[in-house]
Every structure is written in structure tokens, then in C-alpha cells.
There are 2 protein chains.
Amino acid sequence: MHKEMPESDYPDIRELHLFSDMAHDNFMALMRGAYVQAFPPQIELITEGDPSDFLHIVLTGSVDLFCSWNGRETSMATVRPISTFILAATIRDAPNLMSARTLEKSRIVLIPSQDVRAIFNVDNSFARAIVAELAQCYRSVIKSQKDLKLRTSLERLANFLLRQQKRAAGEAGFDLPFEKRRLASFLGMTPENLSRAFKGLQPYGVTVTGTRITIADQSDLEKFAKPSPLIDDHST
Amino acid sequence: MHKEMPESDYPDIRELHLFSDMAHDNFMALMRGAYVQAFPPQIELITEGDPSDFLHIVLTGSVDLFCSWNGRETSMATVRPISTFILAATIRDAPNLMSARTLEKSRIVLIPSQDVRAIFNVDNSFARAIVAELAQCYRSVIKSQKDLKLRTSLERLANFLLRQQKRAAGEAGFDLPFEKRRLASFLGMTPENLSRAFKGLQPYGVTVTGTRITIADQSDLEKFAKPSPLIDDHST
DNA sequence: TTTGACGCTTGATAATTGTCAAATCTTCGG
DNA sequence: CCGAAGATTTGACAATTATCAAGCGTCAAA
């Protein structure tokens with residue numbers, strides 16, 4: 001089932017900010033203990049509440065982080081290559097707060113959490129890289145929380161579309177990066193409401209054809225969305 | 001205006017997990033560069049968007065962290081002694097994502113952010129303590145986000161009251177830790193709605209008299225609130 | 001004690017969002 | 001190409017939450 005990691009994957013992982021500065025030997029020690037596995041779509045990799053046995057890295061494909069309570073479920077984030085997830089739980093040796101499932105066929109690296117903690121204890125560069133990563137993650141969630149608490153669903157959608165447009169190099173037309181039902185959950189609304197929200201943005205020049213979005217006039221939409229770097233710029 | 005820190009405050013700060021393991025010299029270096037200041041209530045200590053010039057520590061009093069957008073405002077957290085705030089922005093040398101204001105007369109320690117980053121770079125124990133702190137903060141926000149996305153306002157209030165009751169050593173009666181208007185904002189609702197939400201919890205044995213809350217039967221309220229350690233236990 | 005200021009509550013109403021059911025569209029294996 | 005399964009859309013309706021305005025209570029300065 002599990003396969004040792006092929007060395008051909010090392011460079012991609014080494015390039016991650018999290019691993020780029022650590023000592024060679026320590027990096028190799030982490031890699032030697034790691035597994036890589038190809039998962040089909042819709043496989044639950046992690047269940048919230050379970051202990052965090054592995055630090056995960058998405059090499060290809062994509063992973064949905066989601067949470068459940070009382071029969072309800074909500075999508076928290078989508079992880080795309082190449083990045084890690086559940087770092088905080090791994091470091092604290094605490095139960096996972098989120099579940100994770102593959103959205104598509106995905107290659108995932110699994111690094112035993114105890115190895116991560118052991119190297120964290122001896123490699124100072126690694127420890128500092130983890131600080132940078134956690135600070136970044138923390139700030140991202142704060143931004144997301146501001147988005148949720150300060151904006152209506154229509155405003156959240158409008159700003160989401162503007163962020164996506166920016167990721168698409170500012171092109172007027174681009175494709176949604178995932179299903180609408182998941183987008184709805186991510187934005188904290190129902191699929192029905194998302195459908196209506198798209199219509200509600202038509203007066204601001206937003207056109208939807210299937211998964212394809214077109215923004216006629218970016219500044220027009222911005223007048224409504226009022227994007228702020230303190231909420232929408234996920235790079236700082 | 002600014003006062004150098006009296007050495008009598010050193011032990012309290014040293015006891016914080018963040019500082020307890022670092023080298024003596026480095027701790028002293030941080031303290032020597034630090035200021036302590038007594039602020040009256042309702043003073044804005046930090047404005048979101050500003051660069052993070054100081055790591056803050058609340059010695060006495062309390063501080064509200066809040067965010068604004070488009071004329072709206074929401075309370076994100078209340079900081080009580082003795083703890084730090086805006087660590088993530090300090091470490092990343094990034095603009096603050098939240099504003100901060102004193103809720104009451106408060107003594108605040110200000111440690112220049114560049115000092116914190118400098119010591120972070122040379123003190124490995126400090127770096128590791130920051131990892132633990134940031135991981136904890138991150139997990140707290142995730143829990144708060146789950147609370148917001150998965151629960152109705154009535155459920156959020158019910159669970160909030162149960163958490164407060166736990167903090168009050170499980171006593172049936174306890175006082176709200178801050179104004180209702182701020183509680184409403186923290187829970188993501190209007191003051192009017194909070195007032196009605198309290199009434200909505202009467203059938204589950206919740207009584208409100210001014211700032212005093214009484215929970216007649218904890219298990220009765222829990223049957224409605226369905227608290228979960230993955231949302232409500234802020235110690236892990 | 002009076003007078004404001006301010007926070008809290010209440011009622012009426014509106015806006016937003018969610019639910020349910022049915023219709024339509026897409027996808028994909030046979 | 002067909003047809004079933006699942007996603008999306010739409011409409012009707014209900015629940016939740018916000019807004020506005022008025023009233024009540026408390027507290028502190030005059």
C-alpha cells in the first residue's frame with residue numbers, strides 16, 4: 001500500500017519554504033521516513049478528532065479541508081500542490097481539527113509526525129521555517145474570519161471572484177477552481193444561494209457559463225466588492 | 001510618556017510559556033528594550049493596516065482585538081492578563097490585521113518588534129516557543145471559524161455560556177466577562193439579536209439578570225448546545 | 001435630585017439566508 | 001447515442017438575522 005518516496009520527488013519538496021533552509025541530513029532523514037501514495041478522488045485522508053500521525057504534502061491533485069458538527073459540514077480550505085497541511089496539529093501533537101479528503105486523484109506525501117517533531121527539536125532552521133509557515137497560516141485564517149464576519153454572502157462572492165481573477169493573471173475570463181457546491185460551502189452559504197448570488201452580481205458585469213466566469217469591468221465589480229489587502233491579499 | 005519596564009514585572013513575563021525557556025541574556029535584552037505604559041480605557045493601541053512596531057503584552061486590564069471593513073466593525077477576541085498579542089504580524093514584519101483597544105485601564109508592555117525578530121533569530125528556545133504559541137493561536141482561530149460556520153447564533157451563544165461556566169469552575173451562576181454589545185459582536189450578531197437569543201435559551205434553563213448568568217441544569221443546556229472539544233476546548 | 005448619556009430591551013418590519021421540491025443541465029459509463 | 005446519477009438552477013416558502021425606532025434602566029456629573 002504505502003510506497004517509499006522516490007528520490008525524484010525530493011527536489012520539489014525541498015523547494016518548499018518549509019524545507020528549503022534545513023540541514024541536508026535532517027531533510028534526508030525526514031524523506032527516508034516518508035511515504036508517498038496515490039489516492040483516488042473522494043478519499044478521506046484525515047478525520048477530525050483523530051491524532052495527527054502524519055504531516056501531509058500534496059504533490060499533485062488537490063485536497064479539501066472540511067469540518068463537521070451536528071450533521072452539518074463546511075469546507076474550510078482547498079490545498080493545492082505543492083504545499084503541506086495539518087502542520088499545527090503535527091507540531092502540537094494534538095488531534096486534527098479538520099478532516100481532509102482528496103478532490104481528485106492525488107499524490108500525497110506522508111511524513112510521520114514524530115519524525116517532524118524530532119527534527120523540529122534539533123534543526124533550528126526548520127524550527128524557524130515552521131514559525132514563518134504557521135504565522136502565515138494564522139494570518140490567512142484571520143483574513144478568512146474577517147471575510148465571514150464583516151461581509152454579506154454577495155460581498156464574499158464578489159471578492160472571491162476578484163481574487164480568482166488576480167490569480168488568473170488578471171484575465172477577464174477564468175474558470176472556477178472547484179465545484180460550485182464546494183465554493184458555496186467555502187463561502188459559508190448554500191448552493192442555492194450561491195446560484196442566486198451569481199445572478200445578483202450580473203448588474204456588476206459578472207457572467208457565468210457553467211464553470212466559466214467573465215468579469216466585464218473589474219473596476220465596476222470592485223466598486224461593489226471593496227476588496228481590502230487586509231482581507232483579500234493572502235500573500236502577506 | 002513611555003516608561004522603562006520596572007524589574008518587578010520581569011518574573012510575571014518570564015513565566016509566560018513564550019519566554020520561559022529562552023536564554024537569560026536574551027530575555028534581559030528583550031526586557032531592556034521594552035516599555036511599559038498604563039493606558040486609560042478605550043484607547044486604540046493598534047490600528048489594523050499599520051506596521052507592527054511592537055509585540056504587546058497585557059499585564060493588567062484587558063484589550064479588545066477588532067476589525068473593520070466598509071464602515072462595519074467586529075470583535076475578534078479579548079486579551080486578558082498575562083498574554084501577548086499580534087505575535088504573528090511581529091514575526092512576519094507584516095501589517096497588523098487587527099486593531100486593538102483597551103477595554104479598561106490597562107498596563108501594557110511594548111517590546112520593539114525588531115528586537116523580537118533579532119532574538120528570534122539567535123535564540124532557538126525562543127523560536128520553538130513561538131512555534132508552540134502560533135500553533136495554539138492558529139488552532140484557536142480555526143475553532144472559532146468552525147463555531148461561526150457550523151452553528152446558528154443561538155447555538156453559538158449556548159456554547160459560549162457553557163465555556164464561560166467551565167471557566168467559572170463549573171458554578172451554576174457567573175458573570176459575563178464583558179459588555180453584551182461586545183459579546184454580540186464577538187459572537188457575530190447584533191445586540192438586539194443577542195437580547196432575543198438569551199430569551200431563546202430560557203427554555204433550556206438559562207436566566208439572565210443584568211450581567212449575571214445562571215444555568216439551571218448544565219446537561220439540559222448541553223443537550224441543545226452539543227459542545228465539542230474540537231470547537232469549544234480552547235486549551236488544546 | 002435632576003439630567004443626560006449610554007447600554008439594553010422590545011416591537012415592528014425588512015433583508016438575508018436557508019429549506020424543500022421540482023425542473024434542467026452535465027457527465028460519463030454502457 | 002442513451003440513460004442514470006449527480007450537480008445546478010429555479011420557484012415558493014420558511015427561518016434567521018438585521019434594521020429602525022421607541023422605551024426602559026443605570027450610572028454619574030452637575
Side-chain angles (χ1 to χ4, degrees), chain A residues 40-42 64 66 69-75 101 103-105 147-161 175-203 206-213 224-225, chain B residues 40-42 64 66 69-75 101 103-105 147-161 175-203 206-213 224-225:
Chain A
Q42 305 299 332
D64 183 41
F66 65 99
W69 178 79
N70 195 26
R72 297 164 214 169
E73 185 179 306
T74 190
S75 175
R101 76 161 74 90
L103 290 175
E104 44 190 318
K105 191 165 176 302
D147 191 47
L148 269 172
K149 289 186 79 176
L150 290 168
R151 289 171 171 164
T152 67
S153 60
L154 201 58
E155 290 164 342
R156 291 200 294 278
L157 175 60
N159 281 290
F160 172 84
L161 294 179
D175 283 303
L176 288 175
F178 35 64
E179 295 173 288
K180 287 178 184 166
R181 63 160 34 247
R182 187 178 333 285
L183 174 57
S185 178
F186 175 72
L187 293 175
M189 54 176 127
T190 57
E192 293 95 329
N193 238 322
L194 175 63
S195 195
R196 292 174 185 119
F198 273 123
K199 289 205 166 163
L201 291 181
Q202 273 178 11
V206 175
T207 319
V208 187
T209 315
T211 180
R212 184 100 190 144
I213 308 291
F224 169 74
Chain B
Q42 305 300 331
D64 184 40
F66 64 100
W69 178 79
N70 196 26
R72 297 165 214 170
E73 185 179 307
T74 190
S75 175
R101 76 162 73 89
L103 290 175
E104 46 191 318
K105 193 166 176 300
D147 191 46
L148 270 172
K149 289 186 79 175
L150 290 167
R151 290 171 171 162
T152 67
S153 60
L154 202 58
E155 290 164 343
R156 291 200 295 277
L157 175 59
N159 281 290
F160 173 84
L161 294 179
D175 283 304
L176 288 175
F178 35 64
E179 294 175 287
K180 286 180 185 167
R181 69 168 20 256
R182 187 177 333 285
L183 175 58
S185 179
F186 175 72
L187 293 175
M189 54 176 128
T190 58
E192 293 96 328
N193 239 320
L194 176 63
S195 195
R196 292 172 184 121
F198 274 122
K199 289 207 164 163
L201 291 181
Q202 273 178 13
V206 175
T207 319
V208 187
T209 315
T211 181
R212 184 100 190 143
I213 307 292
F224 169 74

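Chain letters run A, B, ... following the sequence lines, proteins first and then strands; every chain starts at 1. What you see is a predicted model; the values in this text were computed from it and never measured.
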So, taking the atom named [atom1] in [X] and the one named [atom2] in [Y], what distance separates them when rounded to the nearest 0.5 Å?
| X | Y | atom1 | atom2 | value |
| --- | --- | --- | --- | --- |
| A/L201 | A/E155 | CG | CD | 10.0 Å |
| A/L176 | A/T211 | CG | OG1 | 4.5 Å |
| A/I213 | A/L157 | CD1 | CG | 7.5 Å |
| A/L103 | A/Q42 | CG | CD | 6.5 Å |
| A/L150 | B/R72 | CG | CZ | 7.5 Å |

_Overall bend - the helix from C/dT1-D/dA30 to C/dG30-D/dC1, comparing terminal axes fitted on five pairs, nearest 10 degrees_ = 30°
Side chains of residues 183-193 of chain B: which donor-acceptor partners sit under 3.5 Å, not counting sequence neighbours?
from   : atom 1 : to     : atom 2 : distance (Å)
B/S185 : OG     : B/S75  : N      : 2.7
B/T190 : OG1    : B/N193 : N      : 3.2

*asked:* With nearest nucleotide decided by heavy atoms, which residue, A/M189 or B/G210, maps closer to the 5′ end of DNA chain C?
replied: B/G210
Any N/O pairs under 3.5 Å between the protein and nucleotides 20-22 of chain D? List them or say none.
from   : atom 1 : to     : atom 2 : distance (Å)
D/dC20 : N4     : B/E192 : OE2    : 3.2

Roughly how many Å is it from [atom1] in [X] to [atom2] in [N], rounded to a whole number?
| X | N | atom1 | atom2 | answer |
| --- | --- | --- | --- | --- |
| A/N193 | D/dG11 | CG | C1' | 14 Å |
| B/L154 | D/dT17 | CG | P | 8 Å |
| B/K199 | D/dT17 | NZ | P | 17 Å |
| A/K149 | D/dA18 | NZ | C1' | 16 Å |
| A/R151 | D/dA18 | CZ | P | 17 Å |

*Does the side chain of B/T152 get closer than 4.0 angstrom to OP1 or OP2 of D/dT16 through an N or O atom?*
no
_Heavy-atom donor-acceptor pair, A/R156 side chain to A/R151 backbone, under 3.5 Å_ = yes
Considering only nitrogen or oxygen atoms on both sides, find all protein atoms under 3.5 Å from nucleotides 6-8 of chain D and state each distance.
from  : atom 1 : to     : atom 2 : distance (Å)
D/dT8 : OP1    : A/K180 : N      : 2.9
D/dT8 : OP2    : A/R181 : N      : 3.1

*So which pairs with a foot in residues 176-191 of chain B pass salt bridge (Lys or Arg N to Asp or Glu O under 4.0 Å), sequence neighbours left out?*
B/D64-B/R182, B/E179-B/R182
*Could you go step by step and tell me if A/L154 and A/F224 meet the side-chain contact (heavy atoms from CB on, under 4.5 Å) rule?*
CA-CA 10 Å; A/L154 201 58; A/F224 169 74; 3.8 Å; yes
*For chain A, the stretch of DNA chain C it reaches, first to last nucleotide, under 4.0 Å of its heavy atoms*: C/dT17 to C/dC20
*Which heavy atom of B/L148 sits nearest a heavy atom of A/K149, and at what distance?*
CD1-CG, 3.5 Å
*asked:* Give me the atom names and distance for the closest heavy-atom approach of B/V208 to B/F198.
replied: CG2-CD2, 3.3 Å
